[in-house]
Amino acid sequence: MDRRSFIKLTAITGTSGALTACGNPENLLIRFIPEETLVPGIAQWRPSVCPLCRSGCGLQVKVMQADAEVMRNGQLGVIRMGAAKKLEGSPAHPISQGGLCPRGQAAIQVTYHPDRITQPLRRTGTRGQGRFEAVSWDDAIAELRSHLDTLAAEGNQGALAFLARPGHSHRQALIRQFLNGYGAPPPVVVDLFGDDVLRRANELSFGHAQLPTFDLARAGYVLSFGADFLGTWNSPVSQNAGYGAMRHGRPGVRGSFVQVEARMSQTGASADEWVPVRPGTEGVLALGLAHVILAEKLRSPEPAGRAGALLEGWADGLSAYAPDRVEQMTGVAARRIERLARAFAGQGPAVAMIAGPALAHTNGLFGALAVNALTALAGSVHQPGGLLFMPQLEIALAQDRPRALDALAADILAADRSPVQALLTDGADPVFGSPRAWRVREAFERIPFIASFGSFLDDTSTLADLILPDHSFLESWVDALPESGAPVAVASVAAPAMRPLHETRAMPDVLLEAARGLQQPVDPPLPWETFEAMLQSTFAALPPAVSDADTWTTVQGQGGWWGERPAPGVAAAAAAGTTSRTFGWTEPRFDGEEGEYPFHLLPYPSQAFLDGSLAHLPWLQEMPDPLTSAMWSSWVEINPATAGRLGIAQGDVIEIASRHGTLRAPALVSPGLAPDIVAVPAGQGHGTYTRYASGRGVNPIEILAPMAEAETGALAWAATRVRVTRVGNADGRLILFAGGLREHPDVHHR
């Protein structure tokens, strides 16, 4: 039966609040009292929080009365309810400032996705086949408790592992507190393109183990080393607003912007000057600029302080980084180095930033420390137009360093009996988002029990024994404690914007319910009955924006709390201490001999899908890439000179081979990268991830070498060498935007 016939059959009315089955048992007649605050045909705007990245942008949700398809008691039906129709950025929110990125616009499709898991599921087939049967929530929670009780009875609570998504929130804090009270290790945070290297550098340089916030609106000169701050890195919506003000918001003043990187990013395409550099030498270039500034006495060395003292040779003026030598190491001409240094010192306020591929090398920490010292030398730390650190609620402060995913997998594979006997996953898909060399899938197959809180089947949750599907963010309480993006402390929070469509439950409430029924209670106990109560306990204790106002009521109305100055429960700037440790330049190490593997492989976060977690959203699949115009596909970017030498034309199928695997994809000839680089966007290549992403494209992460940054152990995802071979003519897999969106035939719009 199609939807239109079903709507006619159900003849929805507003006379009852009960769910009633009638007639053919395949059909469900649902009568539901419409929301009293909604008038048919009139929109109401409600606050929410975008969950698709860690930025914590505040949203406004357009809600109208509508007929919605739902799942109730295992049957499909239709109810009349307040339904979300559109998302926009919240103008009052300090981070989003009324803006919203394309990924945020597409977030509404999470709620209405046709492949959402609508009720709890238990595995019936062989693990990995994706065969499940529906079970009740009571049975699902009882099964979860049973496995937790068994571990506790054996005194083996440490055999519970939890995989969590990155970011700070009360949701993450609840997971940590549950694990601590149960006696399990902290969660393993799965973050493919993580920023652990930069956090460590900021801790050493400035006393803050967090990502920075940049006052771009008042900057005079911005120098970025690989940071795609307008596209995918850190807090793009906030940074786009600041960048726009820097370029156009001050009459008669236009800030300058230079991007240093080996492959032109969306941000690099907006720069006044794009500077290609040899991979892994960004820190050398930064110190080459600092040497010129010090040698020509363009700036006093004192402001660099702790950040400069961390680097070998700073005290003698960085004599080892004279422009001629830096040219040999980086490929950037000495004259250009001198010109950039003088501009950086003379067009203040000046700020330098580093992120992305520049830190994804074995020597990434040195690069981050060098760029930090350059910004400090300019006197731009905690100054207008410079770098600052956003105050944090205490609940969001950095915890103990979590266990790494590769170490977890290695421990499982090395043991006769898996040290992990139960694994819980919340929104993480490490089977997809990790190098094949880590053998994550093989390790997880040895774990006796896996439960997923995911809303979609993906490459990791297909291994689950039990799936307890989460509400979408529009159907539940949602919060975020942003790490950066504003000069004030921000805590985003919002109530459900609409009723749940299906028989799902909010993961934090499921965790609280499971904890309450354990035979051996968690200690210390979790003091909240619901996630809403947890949120209220934090926000009610914060000072009101207006005297005599109720903070909890206020934050629900505006979508969060923000304050001009540190308040109780909010951590102010950390004091910069001293250290005697220094760091020197080391050559980056690459996996694969240059003679056999002559090219550097550069995977990069997709403008649409980031690390691949958003590839299931069809709006993002059909969104043309801003630089290449490609869509619905994977591609390999290759320099025109290199392509000509290898006999490769646009769309030809080429093979990329590392020491750890191969992939084949169409070539996209692009002048925006160095001749010895091949670049592939991440995000595609899922084995299982809904009808829109399953079996589409290739996953460059699979063939990466298990190289790590020495200090933090973070994956050095730009440290793999490959060879490139043409294997066939164009076969139509490269889909480019040409005069209109070319939709994939599997996509149908109602």
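Here the structure is a predicted model, which means the values were calculated and not measured. Each residue takes its place number in the sequence, starting with 1.
- Between F473 and L59, the closest heavy-atom pair is CE1-CD1, 3.8 Å.
- Taking a cutoff of 4.0 Å between a charged side-chain nitrogen and a carboxylate oxygen, R441 and D459 do not qualify as a salt bridge.
- Taking 4.0 Å as the cut-off between side-chain N and carboxylate O, R127 and E445 do not count as a salt-bridged pair.
- A donor-acceptor pair shorter than 3.5 Å can be found between the side chains of Q684 and Q621.
- Atom CD of Q177 and atom CD of Q172 lie 12.0 Å apart (nearest 0.5 Å).
- Put simply, the side chain of N699 gets close to the backbone of I701: a donor and an acceptor are under 3.5 Å apart.
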- Task: With side chain to side chain contact (heavy atoms under 4.5 Å, CB included) as the test, would you mind laying out the steps for V478 and S48 before giving the verdict?
- Result: CA-CA 7 Å; V478 59; S48 190; 3.9 Å; yes

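- Taking NE2 of H147 as the start and CG of D149 as the end, the distance is 10.5 Å to the nearest 0.5 Å.
- Note: H93 and W562 have perpendicular aromatic rings, judged against thresholds of 30 and 60 degrees for the angle between ring planes.
- Minimum interatomic distance between A491 and L481 (heavy atoms only, all atoms of both residues): CB-CD2, 3.6 Å.
- Donor-acceptor pairing under 3.5 Å is lacking for the side chains of T688 and D458.
- Taking the six-membered ring for Trp and thresholds of 30 and 60 degrees, H686 and Y689 have ring planes inclined between 30 and 60 degrees apart.
- Side-chain atoms of Q105 do not come within 3.5 Å of backbone N or O of C101 as any donor-acceptor pair.
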- Would you sort out whether D426 and L163 count as a side chain to side chain contact (heavy atoms under 4.5 Å, CB included), showing the intermediate values? CA-CA 6 Å; D426 178 33; L163 302 181; over 6 Å; no

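- The backbone N or O of G58 sits less than 3.5 Å from a side-chain atom of S96, completing a donor-acceptor pair.
- Counting only distance, with no hydrogens or angles, the side chain of S606 and the backbone of A608 share a donor-acceptor pair below 3.5 Å.
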- List the steps and the verdict of salt bridge (charged side-chain N to carboxylate O under 4.0 Å, His left out) for E702 and R439. CA-CA 10 Å; E702 287 186 348; R439 301 165 62 194; over 6 Å; no

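- Side-chain atoms of S694 do not come within 3.5 Å of backbone N or O of R691 as any donor-acceptor pair.
- In this structure, S55 contributes its side chain and N234 its backbone to a donor-acceptor pair below 3.5 Å.
- For the residue pair D509 / T530, no side-chain donor-acceptor distance below 3.5 Å is found, with atom types taken as modelled.
- Here the CD1 atom belonging to I108 is positioned 11.5 Å from the SG atom belonging to C50, to the nearest 0.5 angstrom.
- Under the 3.5 Å distance criterion, the side-chain polar atoms of S492 are matched with a main-chain donor or acceptor of G56.
- The pair R122-E143 counts as a salt bridge, with a side-chain nitrogen and a carboxylate oxygen less than 4.0 angstrom apart.
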- Message: side chain to side chain contact (heavy atoms under 4.5 Å, CB included), that's the test. Do R199 and L211 meet it? Break it down for me.
- Response: CA-CA 6 Å; R199 291 189 187 90; L211 295 183; 4.0 Å; yes

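- Here D470 pairs with R171 in a salt bridge; the nearest charged N to carboxylate O distance falls below 4.0 Å.
- Side-chain contact check for D138 and S136: no donor-acceptor pair (N or O, by modelled atom type) lies under 3.5 Å.
- For the residue pair L466 and A140, the shortest heavy atom distance occurs at CD2-O, 3.4 Å.
- In this structure, SG on C57 lies 10.0 Å from CG on L52, to the nearest 0.5 angstrom.
- A donor-acceptor contact closer than 3.5 angstrom links the side chains of Q44 and R46.
- Residues meeting the side-chain hydrogen bond (donor to acceptor under 3.5 Å, both in side chains) test with T111, sequence neighbours left out: S472.
- Under a 3.5 Å cut-off, the side chain of R145 and the backbone N or O of R516 do not form any donor-acceptor pair.
- Looking at every heavy atom in both residues, M390 comes nearest to A489 through CE-C, 4.4 Å.
- Under the ring pair (Phe, Tyr, Trp, His ring centres under 6.0 Å) rule, H616 has a single partner from F432, F456, F609, Y692, which is F456.
- The two residues L179 and P185 come nearest to each other via the heavy atoms CD1-O, 3.4 Å.
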- Message: Under the criterion salt bridge (charged side-chain N to carboxylate O under 4.0 Å, His left out), I'd like the reasoning laid out for E88 against K62: C-alpha separation, chi angles, the key distance, then a yes or no.
- Response: CA-CA 8 Å; E88 295 288 355; K62 183 180 181 180; over 6 Å; no

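- Across all their heavy atoms, A443 and I412 have their closest contact at O-CG2, 3.4 Å.
- The backbone N or O of A84 sits less than 3.5 Å from a side-chain atom of Y112, completing a donor-acceptor pair.
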- Could you check R123 against Q129 for side chain to side chain contact (heavy atoms under 4.5 Å, CB included), going step by step and ending with a plain yes or no? CA-CA 9 Å; R123 178 170 63 85; Q129 286 184 326; over 6 Å; no

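- H502 places no side-chain N or O within donor-acceptor distance of the main-chain N or O of T504, the cut-off being under 3.5 Å.
- By the 4.0 Å N-to-carboxylate-O rule, E513 lies close enough to R505 to be salt-bridged with it.
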